[in-house]
*Asks:* 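My structure is below; once you've seen it, I'll send some questions.
Protein chains get the first letters and strands the later ones, always in sequence-line order, with residue 1 at the start of each.
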2 protein chains.
Amino acid sequence: MPDNPQQDNAQKDRPQKEQPRRQARGERRIAQLLEAAASVFSTTGYTAASTNAIAREAGVSPGTLYQFFPNKEAIAIELRDRLMHEMREAYGEALAPVDPATPLEEAVGAAVDRFIAFNCDHPVFYTLMHGPDIPGRITEAHDVLHATLISRIEGLLHSLLPDARPAEVTRTAHVCFGMYKAGLELVLAHEGAERDAYVEEVKKVLIRYLEPLVGDRLGTAHATAAKSTP
Amino acid sequence: MPDNPQQDNAQKDRPQKEQPRRQARGERRIAQLLEAAASVFSTTGYTAASTNAIAREAGVSPGTLYQFFPNKEAIAIELRDRLMHEMREAYGEALAPVDPATPLEEAVGAAVDRFIAFNCDHPVFYTLMHGPDIPGRITEAHDVLHATLISRIEGLLHSLLPDARPAEVTRTAHVCFGMYKAGLELVLAHEGAERDAYVEEVKKVLIRYLEPLVGDRLGTAHATAAKSTP
DNA sequence: CCAGAATGCGAGCGACCGCTCGTGTTTGTC
DNA sequence: GACAAACACGAGCGGTCGCTCGCATTCTGG
């Protein structure tokens, strides 16, 4: 068991996890702790972040932290769940509506802009979602989420190129997601105007990768050999 | 100090690190230990890999391990250095010679093929080079190496598009490297025919990204609508 | 053959980590 | 005001980790 067998003496036989009646103070503490956790996670990564450091950052004792979270993992899960909720709420179904007549540039640009904006506002999101540092159970929930994201992209792709073998669509979706992920990392590594420039590069990568696939369907006149002289 | 302040009571005031005269047995042990380290690192990552586990995998005691390496970091560094040497030796200056007349497809394809082949043969290379799990000093050496790689790509790009502002060339190089890295991750996550398919996708991504930049320079008639009939 | 160096062992040190628990304080309810 | 529940504290428990140290064994040069 080369995993992370440090300890796992958490609660186990609790089919219903009935939490104690929270007071307003408790809710405030939870928010405080999650904010501190976001800070610590995004600067040191998940495994290197110690619960004592999170408690210290929040200005409380380790015992207080464990009043509200059964273990370290639960902190990350709750944080991720809240971020996911906030994202859905802010951007709705970001790439769900696959308007079949939208030009490729617009569809890709909008999706990339939204996701990147959210990640820039909440740096910890990248750490939790795409960080390779996450052990055990968290990953399982992430895998589900990752799969739904991929299938969203697949759906979008399917509406763009109805005549393609499913395996290829899946592969293309994985490539798009991987490239987006890499682009996001590049974007987060820069700031200001340079950051904006990288955002445009990411869009270019995706658009140019997908352009030949959608071909010149409909009247969308994107041209790989087009010039600025009409 | 959120770094890794576990211990650092290694040797410090040793300007010349004069190693003891190695015997053949010692060299064998070193190779054995590095092989074990490669296995453990690539399956558990750097930080999660324990030196005791490496020693156990190599079939020796922890004390023996520290006979040959001053600390855990040195194992990773030596491993990386040997891999780098092996790579230079196997593929020469992989993307150094910037033949200015090579078609884009060929240049990108060759470079991608070489790098990916090497990474497939030595999975630990990805962990050590691109793994986000590496603390402290190792990263410094990696940054140097990363910078030289980027400047190699810049050089290659400069020969392809001589009339481009340096900042843009740098940015393009970073994008190419990031996309290659993401593609490598995708490739390593699959096997057999699927893996080969992903390799081709990575090439497509890079070629299509760079194609509009090089335009139709010279007579290299790469065409997004080109066929296989000469 | 033998002195000394190189190699090998493994219990264990010190540090940190996730987490607990006994105790004390604050808050809501009657 | 009384009482229980929720909240807060922080020393410390059990554990792993990187690494050491004293000692035994094997190799090498003279």
*Asks:* Under a 4.0 Å heavy-atom cut-off, which of residues 52-62 of chain B touch DNA chain D?
*Replies:* B/Asn52, B/Pro62

*Asks:* In chain order, what residues pass the side-chain contact (heavy atoms from CB on, under 4.5 Å) check against B/Glu106, with sequence neighbours excluded?
*Replies:* B/Thr102, B/Pro103

*Asks:* Indicate for each nucleotide in nucleotides 24-30 of chain D, in 5' to 3' sequence, whether protein heavy atoms under 4.0 Å reach the base (B), only the sugar-phosphate (S), or nothing (-).
*Replies:* --BSSS-

*Asks:* My understanding is that only residues two or more places apart in sequence, or in another chain, count here; which of them pass side-chain contact (heavy atoms from CB on, under 4.5 Å) with A/Tyr66?
*Replies:*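 side-chain contact (heavy atoms from CB on, under 4.5 Å) list for A/Tyr66, sorted by chain: A/Thr51.
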
*Asks:* Quick one: side-chain hydrogen bond (donor to acceptor under 3.5 Å, both in side chains) pairs with a partner in residues 183-195 of chain B, sequence neighbours left out?
*Replies:* A/Arg171-B/Glu194, B/Tyr126-B/Glu185

*Asks:* Roughly how many Å is it from CZ in B/Phe69 to P in C/dT7, rounded to a whole number?
*Replies:* 12 Å

*Asks:* Is any side-chain N or O of B/Arg29 closer than 4.0 Å to OP1 or OP2 of C/dG8?
*Replies:*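 Yes, within the criterion.
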
*Asks:* Taking salt bridge (Lys or Arg N to Asp or Glu O under 4.0 Å) as the cut-off, I'd like each qualifying pair that reaches into residues 65-83 of chain B, sequence neighbours left out, listed once.
*Replies:*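 Those involving residues 65-83 of chain B are B/Glu78-B/Arg82.
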
*Asks:* Start at the 5' end of DNA chain C and walk down; is the nucleotide closest to A/Ser50 or to B/Gln67 reached first?
*Replies:*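 Going by which nucleotide is closer to the 5' end, it is B/Gln67.
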
*Asks:* Once you measure the plane-to-plane angle for B/Phe125 and B/His130, does it fall in the parallel (<30°), tilted (30-60°) or perpendicular (>60°) bin?
*Replies:*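 B/Phe125 vs B/His130 ring planes: perpendicular.
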
*Asks:* Does a nitrogen or oxygen in the side chain of B/Thr64 sit under 4.0 Å from OP1 or OP2 of C/dT7?
*Replies:* no

*Asks:* B/Tyr46 OH to D/dC17 P: how many Å, rounded?
*Replies:*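 Between P of D/dC17 and OH of B/Tyr46: 14 Å.
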
*Asks:* Can you name the residues that form a side-chain contact (heavy atoms from CB on, under 4.5 Å) with A/Ser61, not counting sequence neighbours?
*Replies:*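 Here the qualifying residues are A/Thr64.
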
*Asks:* How close or far is atom C1' of C/dC19 from atom NZ of A/Lys72, stated in whole angstroms?
*Replies:* 12 Å

*Asks:* Got a second to check how far A/Leu186's CG is from B/Met179's CE, nearest 0.5 Å?
*Replies:* 6.0 Å

*Asks:* For C/dC19, does either OP1 or OP2 sit under 4.0 Å from a side-chain N or O belonging to A/Tyr66?
*Replies:*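 Yes, within the criterion.
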
*Asks:* Who are the side-chain contact (heavy atoms from CB on, under 4.5 Å) partners of A/Thr172, not counting sequence neighbours?
*Replies:*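 Listed in chain order: A/Leu157, A/Cys176, A/Tyr209, A/Leu210, A/Leu213.
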
*Asks:* Verify the contact: side-chain N or O of B/Thr51 to OP1 or OP2 of D/dC19, cut-off strictly under 4.0 Å; return yes or no.
*Replies:*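 Checking D/dC19 against B/Thr51, no side-chain N or O comes under 4.0 Å of OP1 or OP2.
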
*Asks:* From CD of A/Gln32 over to C1' of D/dC7, roughly how many Å is that when rounded to an integer?
*Replies:* 12 Å

*Asks:* Do the side-chain N or O atoms of B/Arg22 get closer than 4.0 angstrom to the phosphate oxygens (OP1, OP2) of C/dA5?
*Replies:*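 For B/Arg22, the contact criterion (side-chain N or O under 4.0 Å from OP1 or OP2 of C/dA5) is not met.
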
*Asks:* Please determine whether a side-chain nitrogen or oxygen atom of A/Arg28 lies at a distance below 4.0 Å from atom OP1 or OP2 of D/dC7.
*Replies:*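 False: A/Arg28 side-chain N/O out of range (4.0 Å or more) of D/dC7 OP1/OP2.
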
*Asks:* How would you label the contact of A/Gly63 with the nucleic acid (heavy atoms, under 4.0 Å): base, sugar-phosphate, or nothing?
*Replies:* base

*Asks:* Without decimals, in angstroms, what is the distance between B/Ile30 CD1 and C/dG8 P?
*Replies:* 10 Å

*Asks:* Between A/Ile75 (CD1) and C/dC17 (P), how many Å, whole number?
*Replies:* 14 Å

*Asks:* Rounded at 0.5 Å granularity, tell me how far CZ in B/Phe41 sits from CD1 in B/Ile134.
*Replies:*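 One finds 7.5 Å between CZ of B/Phe41 and CD1 of B/Ile134.
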
*Asks:* Rounded to whole Å, please give me the gap between CG in A/Leu33 and C1' in D/dC9.
*Replies:*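 Result: 14 Å.
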
*Asks:* Quick one: salt bridge (Lys or Arg N to Asp or Glu O under 4.0 Å) partners of A/Glu86, sequence neighbours excluded?
*Replies:*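 With sequence neighbours excluded, A/Glu86 shows a salt bridge (Lys or Arg N to Asp or Glu O under 4.0 Å) to no residue whatsoever.
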
